[in-house]
Amino acid sequence: MQDDFELRVHTIIGAIPFGRVATYGQIAKLAGQANYARKVGYILKSLPKESNLPWYRVINSQGKISFPAQTSKFIEQKERLESEGVIFLSNRVRLKEFQWLD
DNA sequence: TTATTGACACCTT
DNA sequence: TAAGGTGCCAATA
């Protein structure tokens, strides 16, 4: 049950194309569990660093990173996305342009 | 078992 | 675009 959802989430995140981002709700929905955004976040939290999953491509519905600005993780995620061509404006991403399957 | 918390989303203003 | 309030589910204390 849970493991299956986790597996789906992992698979979906791994399926996010280069230079694209997805929201928590979108991930949850694609995993077959709408409104499970929070669980998605929990899974990402427990995501081992061994996994090569592009967790940094997962952002919230506002197109923003869920970390406080200036934190190492925030900067790391932002840098990674920018490296893929994702444009940030005021610590925000143009979901209209970069959201996966939009 | 109830209350609290969390890398949140969605709707309304 | 920003801000506030509401709903959702699971893990933890």
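Lettering of chains follows the sequences in order, A, B, ..., and the numbering in each one begins at 1. All values reported here derive from a predicted model rather than from experimental measurement.
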### Summary
Per-nucleotide protein contact along nucleotides 6-13 of chain B, 5' to 3', at a 4.0 Å heavy-atom cut-off (B base, S sugar-phosphate only, - neither), is BBBSS---
### Task
Mark yes when over 12 heavy atoms from residues, nucleotides or ligands other than A:Lys78 sit less than 6.0 Å from its NZ; otherwise mark no.
yes
### Pairs touching residues 28-85 of chain A that satisfy ring-ring contact (aromatic ring centres under 6.0 Å, His included), sequence neighbours left out
A:Phe5-A:Tyr36
### Query
Should A:Val58 and A:Leu44 be marked as a side-chain contact (heavy atoms from CB on, under 4.5 Å) after you check the CA-CA gap, both sets of side-chain angles, and the distance that decides it?
CA-CA 9 Å; A:Val58 182; A:Leu44 265 53; 3.8 Å; yes
### Query
Does A:Glu84 come within less than 4.0 Å of A:Arg20, counting only side-chain N to carboxylate O?
no
### Task
Examine A:Val21 and A:Phe18 and state if one hydrophobic cluster contains both, with Ile, Leu, Val, Met, Phe, Trp and Tyr joined whenever side-chain heavy atoms are less than 4.5 Å apart.
no
### Query
Say you pick atom P in C:dT6 and the same atom in B:dA7; how far apart are they, in whole Å?
22 Å
### Query
Phosphate oxygens OP1/OP2 of C:dC8: is one of them under 4.0 Å from a side-chain N or O of A:Tyr36?
no
### Task
Mind calculating the distance between CG (A:Asn91) and C1' (C:dT1) to the nearest angstrom?
14 Å
### Query
So, A:Ser51 side chain and A:Leu47 main chain: donor-acceptor pair closer than 3.5 Å or not?
no
### Task
Provide the distance between the two C1' atoms, one in B:dT1 and one in C:dT12, to the nearest whole Å.
13 Å
